[in-house]
There are 2 protein chains.
Amino acid sequence: MQKVYNIGVEATLEVIGGKWKPIILCHLNHHGKIRTNEFRRLIPGISQKMLTNQLRELEQAGLIHRKVFNQVPPKVEYSLTSYGHGMEPILNMLCTWGEKHVELLQDKGEDVLLKQRDEDIAMQQTS
Amino acid sequence: MQKVYNIGVEATLEVIGGKWKPIILCHLNHHGKIRTNEFRRLIPGISQKMLTNQLRELEQAGLIHRKVFNQVPPKVEYSLTSYGHGMEPILNMLCTWGEKHVELLQDKGEDVLLKQRDEDIAMQQTS
DNA sequence: CGGCATCCTTGCCGATACTG
DNA sequence: CAGTATCGGCAAGGATGCCG
């Protein structure tokens, strides 16, 4: 059965949807190669289980590569595949948008957005 | 209490995270103004409850505007605020990436991604 | 038509313990 | 160090019915 999408965003969400995937990808985008335990430090909120889980899904989607070093102690490095690098612009924008959003909230408080909204309403009523 | 983010993407996810928000925003980005029932047609999978819910959250985040027409039958139109328009580049990229991803899968089958991964592995081993 | 409230199910995800 | 397995809570989300 072929899945049908109204718009591409649904397909994208199937790949990077979920609570942690964009965060994981962003870190990989910034750092290059990341080991499992490094992830756990970078993303304190995530559990071992979810981390492995999300990494597996990203791997199967072809976005990241999992390199296993056969040694003791074990070592596993994750990195973006070339296909995963195609996500870079999106990841960067998600990152910068969020940073600006936070700045905005810190500078002017929560209600700056409401003020903005009121301006929009005023605009529309003149039309 | 002030929330602290390691990277901006976490803040972004707080705003547009969730199963439906990016889809809603994408539709608004494409169509301009959308009525409630139009949304239900555009997004068949969503329930009335979730639709209202997600729209409210986006409204409170300052991304969309809810215009109520006082008439019978009732009429409500949603549209992006000027702040919400700042999302456009992200929404467009999410959309186009997904479209290309779907194309890729349809053209070459699921395993093209695995082949890509193998190439990456080969690359790394030469280094 | 658009929205709210209620009940109820699903499955996500965390906590814990264990293997190689 | 990296990963698996199992259990269970709890919130996300669906279905239904009622209101302006």
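Residue numbering restarts at 1 for every chain, and letters A, B, ... go by the order of the sequence lines.
- At least one side-chain heavy atom of Ile7(A) sits under 4.5 Å from a side-chain heavy atom of His27(B).
- Rounded to an integer number of Å, the gap from CG of Leu55(A) to P of dA2(D) is 11 Å.
- Here the P atom of nucleotide dC1(C) and the CD atom of Glu77(B) are 15 Å apart, to the nearest Å.
- Listed by first then second residue, pairs satisfying side-chain hydrogen bond (donor to acceptor under 3.5 Å, both in side chains) with a partner in residues 39-54 of chain B read Gln48(B)-Thr52(B), not counting sequence neighbours.
- Distance Asn53(A) CG to dA5(D) P: 12 Å, rounded to the nearest Å.
- Distance CG/Leu80(A) to CD1/Ile24(A): 11.0 Å, rounded to 0.5 Å.
- Here the options are Val76(B), Leu28(B), Ile23(B), the test is side-chain contact (heavy atoms from CB on, under 4.5 Å), and the partner is Phe39(B); only Leu28(B) passes.
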Per-nt protein contacts along nucleotides 7-20 of chain D (heavy atom under 4.0 Å; B base, S backbone sugar-phosphate only, - none) come out as B-----BBB----B
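- Summarising the geometry, the separation between CG on Leu51(A) and P on dT4(D) is reported as 11 Å, rounded to the nearest angstrom.
- Here dG11(C) presents its C1' atom at 13 Å from CD of Glu57(A), a figure rounded to the nearest Å.
- Contact between the side-chain N/O atoms of Tyr78(B) and the OP1/OP2 oxygens of dG2(C) is not found at any separation under 4.0 Å.
- To the nearest 0.5 Å, atoms CG (Asn29(A)) and CG (Leu91(A)) are separated by 5.0 Å.
- Rounded to a whole Å, the NZ atom of Lys75(B) is 13 Å from the P atom of dG3(C).
- The nearest whole Å value for the distance from the CG atom in Asn70(A) to the C1' atom in dC1(D) is 13 Å.
- Here the side chains of Ile90(A) and Met93(A) are not in contact, with every heavy-atom distance at 4.5 Å or above.
- The shortest distance between the side-chain N/O atoms of Asn37(B) and the OP1/OP2 oxygens of dG2(C) is below 4.0 Å.
- Distances shown here put every side-chain N or O of Arg40(B) at or beyond 4.0 Å from the OP1 or OP2 atom of dC1(C).
- An OP1 or OP2 oxygen of dG3(D) is reached within less than 4.0 angstrom by a side-chain nitrogen or oxygen of Arg56(A).
- Listed nucleotides dA2(D), dG3(C), dT4(D) differ in distance to Arg35(A); the shortest reach to its side chain belongs to dA2(D).
- Regarding contacts with the backbone of dA2(D), every side-chain N or O of Thr52(A) stays at 4.0 angstrom or more from both OP1 and OP2.
- For His101(B) and Tyr5(A), the ring centers sit 6.0 Å or farther from each other.
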